[in-house]
Amino acid sequence: MKRIVITVGNEMMGDDGAGPLLARLLKQNLIPGWQVIDGGSVPENYLHKIRYLKPDVVVVVDACEMNLKAGSIRLISESHIVCKFILSTHNLPLTFFISALREVVPEVYFIGIQPAAVGFGMPISSEVCRAVQIVYQKLQTGSLDFPHLDD
C-alpha cells in the first residue's frame, strides 16, 4: 500500500508551521510505508507528483482555526473546510486541493491542528509542537483515530 503525508503551512508564520515541522520530523525519522511531501503554502503544486505516485491513502496535515484549545487535533471533513475555515496563508482554498486529491486517491484524510498564534516571525508554540509529535506517533502506529470535528 502506498501512503503519502502532504503537509501544508508556512514556517515563517508561527503555528502555521505545524505542517512543515511534521514534514521535517518524517524526513528525519522515516516511517516504513509512508512518503512525505512538504507542500508549503502551495500544496496544489504537488498534485502531479501525487498523481504519478498513485497512492492508496493521502493524509493532509495543516494548522486550522477550529475554536479549540491550542494543540487540539481533529479529523476534518471537507464540508467543515468550506463552511468554517479561512486559510489565508494558502494560495488556493484547501477544498480545491482536497477535491482534486479525491479524484485520484481512494482515501483522503485531513488532519487539522489548532494553532495558538499565527503571525509573521513568531515561533511555533509548545502546544503545536506536542501536537505534531502526536500526529507522528499515530502515523507510526498506522492509526488515524483522532476525534472528528463536530458540527
Q.
Could you check whether any side-chain heavy atom of Arg74 comes within less than 4.5 Å of a side-chain heavy atom of Pro147, counting everything from C-beta outward?
A. yes

(Q) Can you tell me how far apart NZ (Lys27) and CG (Leu22) are? Round to the nearest 0.5 Å. (A) 10.5 Å

Q) Is Leu53 close to Ile4 at the side-chain level, that is, under 4.5 Å between some pair of heavy atoms? A) yes

Q: Could you pull out all residues at least two apart from Arg24 that satisfy side chain to side chain donor-acceptor pair (under 3.5 Å)?
A: Glu11

Q: Please check if the side chain of Tyr136 supplies one atom and the backbone of Asn29 the other of a donor-acceptor pair under 3.5 Å.
A: yes

Side chains of residues 30-40: which donor-acceptor partners sit under 3.5 Å, not counting sequence neighbours?
unit_1, atom_1, unit_2, atom_2, d
Trp34, NE1, Leu139, O, 3.4
Asp38, OD1, Thr7, OG1, 3.4
Asp38, OD1, Gly40, N, 3.1

Q. Are any side-chain N or O atoms of Asn10 and backbone N or O atoms of Ser41, one a donor and one an acceptor, separated by less than 3.5 Å?
A. no

When the side chains of residues 109-132 are checked against the rest of the protein, which donor-acceptor pairs come out under 3.5 Å, sequence neighbours left out?
unit_1, atom_1, unit_2, atom_2, d
Tyr109, OH, Glu107, OE1, 2.4
Gln114, OE1, Met66, N, 2.6
Gln114, OE1, Asn67, N, 3.2
Gln114, OE1, Leu68, N, 3.3
Gln114, NE2, Glu65, OE1, 3.1
Gln114, NE2, Glu65, OE2, 3.3
Ser125, OG, Asp15, OD1, 3.1
Ser125, OG, Asp15, OD2, 3.0
Ser125, OG, Glu127, OE1, 3.3
Ser125, OG, Val128, N, 3.2

Q.
Taking side chain to side chain contact (heavy atoms under 4.5 Å, CB included) as the definition, give me every residue that meets it alongside Asn45, ordered by chain and number, with sequence neighbours left out.
A. Val42

Q) Would Val61 and Val8 count as a side chain to side chain contact (heavy atoms under 4.5 Å, CB included) if you check the C-alpha gap in whole Å, the side-chain angles of each, and the deciding distance to 0.1 Å? A) CA-CA 6 Å; Val61 181; Val8 183; over 6 Å; no

Q. Do Val108 and Ile98 have side-chain heavy atoms sitting under 4.5 Å apart?
A. yes

Q. Can you list the residues that meet the side chain to side chain donor-acceptor pair (under 3.5 Å) rule with Lys138, with sequence neighbours excluded?
A. Asp145

Q | Student check: side-chain heavy atoms of Ile6 and Val59 closer than 4.5 Å | A | no

Q) For the atom pair NZ (Lys2) and CD1 (Ile50), what is the distance rounded to the nearest 0.5 Å? A) 12.5 Å

Q) So which heavy atom on Ile73 is nearest to which on Phe146, and how close? A) CG2-CD2, 3.4 Å

Q: Mind running side chain to side chain contact (heavy atoms under 4.5 Å, CB included) on Val57 and Val105 for me, showing each step along the way?
A: CA-CA 6 Å; Val57 177; Val105 180; 5.6 Å; no

